[in-house]
There are 2 protein chains.
Amino acid sequence: MNTLAEENYLKCIYHLGMNAAIVSTNQIAASLNTKASSVTDMLKKLADKALINYTRYQGVTLTPAGEKIAIGIIRKHRLWEYFLVEKLNFKWDQVHDMAEEMEHISSQELVDRLDEFMGFPKHDPHGDPIPDCNGRFKTPELIPLSTLVVNQCGVISGVRDHTSPFLQYLEKQQLTIGKKITITDIIEYDHSVALKIETDKEIHISREVANNLLIAL
Amino acid sequence: MNTLAEENYLKCIYHLGMNAAIVSTNQIAASLNTKASSVTDMLKKLADKALINYTRYQGVTLTPAGEKIAIGIIRKHRLWEYFLVEKLNFKWDQVHDMAEEMEHISSQELVDRLDEFMGFPKHDPHGDPIPDCNGRFKTPELIPLSTLVVNQCGVISGVRDHTSPFLQYLEKQQLTIGKKITITDIIEYDHSVALKIETDKEIHISREVANNLLIAL
DNA sequence: TAAAAAATTTAGACTTATCTAAAATATGAA
DNA sequence: TTCATATTTTAGATAAGTCTAAATTTTTTA
Ligand SMILES: [Mn+2]
Ligand SMILES: [Mn+2]
Ligand SMILES: [Mn+2]
Ligand SMILES: [Mn+2]
């Protein structure tokens, strides 16, 4: 089995690998709030275990074995987040840190039964897809709200920023997962956006917020 | 906060302290499958943190602060065991090792909400009392089945041996928590016991099994 | 294309938790 | 009460994961 630190590195490399073919030491260090030298040490260890492809100075990619472990951890993370929100009534901005601990509970059978207990949910509270017990999941085409044009509509389906303040703000504005929105105006001056939520509420959000809200068309 | 190792030591000292006023280094070492020298190191650390009362060569007791932490961990352990059995349909012999990991999930609010979600259960799947959110719980007077006499009856309310083989055996014999039993015979030769479960089933168990089954009168 | 700058790795140290072997202390049997 | 034995502690080592500072390699820029 793998240590907690190893699991966190693998998960981190997986997430960073979504945006780039290869992942650099410094990216990992920044993401894990650690130092580049610590990362190098761990990369050697993970390479020895054949969980990453690593050549000095050249960055890393996950091997299939490493990716499988990473996806397993992400599956657990998202299922526990779903559990915390749906069963224990936490808010979507409260669950990430708890899930960071729970994702390391090792039992495979536990997570599979948890999945079944909750009815095999497809998405976590933040709209991210939950891998099934074989590690398979679909990543639907989502685009930032900021790329929509006036009169275009879509459904809020994800967030790019998972921090508490952002999620709390969205909730207060009723900008939650599943809501249908229609762009009513885009202010040229600051690229802020006016939009209608479902059929009634009309609100106005900054460019930054629009950039971090993901929409399914 | 305390490390995983510290939490395990505190819990261990608490459990050993149920049977003796003071707990010895060797007892802890045996219980944690570690060496006496490792225990001594940790005892110094816990004493520095004022979680135990420790004088060299004299054994240890928990301070109120240490006991509070220990009870908190036991509360989490038992609530998670209850969850695993009642919500995820695990058998009572399968849940201990998973709970050993889950008891270290740190959030106090999580465990309190879990408690509420399950309706504030009073006992875990093995009959052990679950402390409430203030750490309070009752330990009912339980006696080994081996101390009963012929025609005496009682309710199975706990086990002294929590290992999988013993629990599986009990389940197969329908000797599960809550069942009412009546002693029908005690064999002098080997101190084995014949008994009736509820009103129908008549079975015969060894002295050893009778010793590890706890009864409420 | 050769410095300069940035990124990465290495060297050496620290912390936590563990171990073995040796020393110190306590206990209990004669 | 003394000495043999059991218990406990200390001394010194190891492994995982981290750090700072220095060295190395890559990348950028002039
Ligand atoms: Mn999360
Ligand atoms: Mn999430
Ligand atoms: Mn248990
Ligand atoms: Mn139990």
What integer distance in Å separates [X]:[atom1] from [N]:[atom2]?
X	N	atom1	atom2	value
A/Leu43	C/dA7	CG	C1'	13 Å
A/Gln58	D/dT25	CD	P	12 Å
B/Asn8	C/dT16	CG	C1'	14 Å
B/Lys44	C/dT16	NZ	C1'	14 Å
A/Leu46	D/dA16	CG	C1'	13 Å
B/Tyr54	D/dT8	OH	P	9 Å

Check for me whether B/Lys122 meets the cation-pi criterion with B/Tyr82, that is, NZ or CZ under 6.0 Å from the six-membered ring centre and within 45 degrees of the ring axis. no
Tell me whether the count of non-hydrogen atoms from other residues, nucleotides or ligands lying under 6.0 Å of CD in A/Glu208 goes above 12. no
Salt-bridge criterion met for B/Glu103 and B/Arg75 (N-O under 4.0 Å): no
Taking 4.0 angstrom as the limit, do B/Glu7 and B/Lys11 come out as a salt bridge? no
Look at [X] and [N] and indicate whether a side-chain polar atom (N or O) is within less than 4.0 Å of OP1 or OP2.
X	N	answer
A/Tyr57	C/dT10	no
A/Arg56	D/dT24	no
B/Tyr9	C/dT16	no

Can you pull the side-chain hydrogen bond (donor to acceptor under 3.5 Å, both in side chains) pairs that have at least one residue in residues 55-66 of chain A, sequence neighbours excluded? A/Asn53-A/Thr61
Does anything in residues 23-41 of chain A come within less than 4.0 Å of DNA chain C? Heavy atoms only, and list the residues if so. A/Ser24, A/Thr25, A/Asn26, A/Ala36, A/Ser37, A/Thr40
State the CD-CD1 distance between A/Glu6 and A/Ile69, to the nearest 0.5 angstrom. 8.5 Å
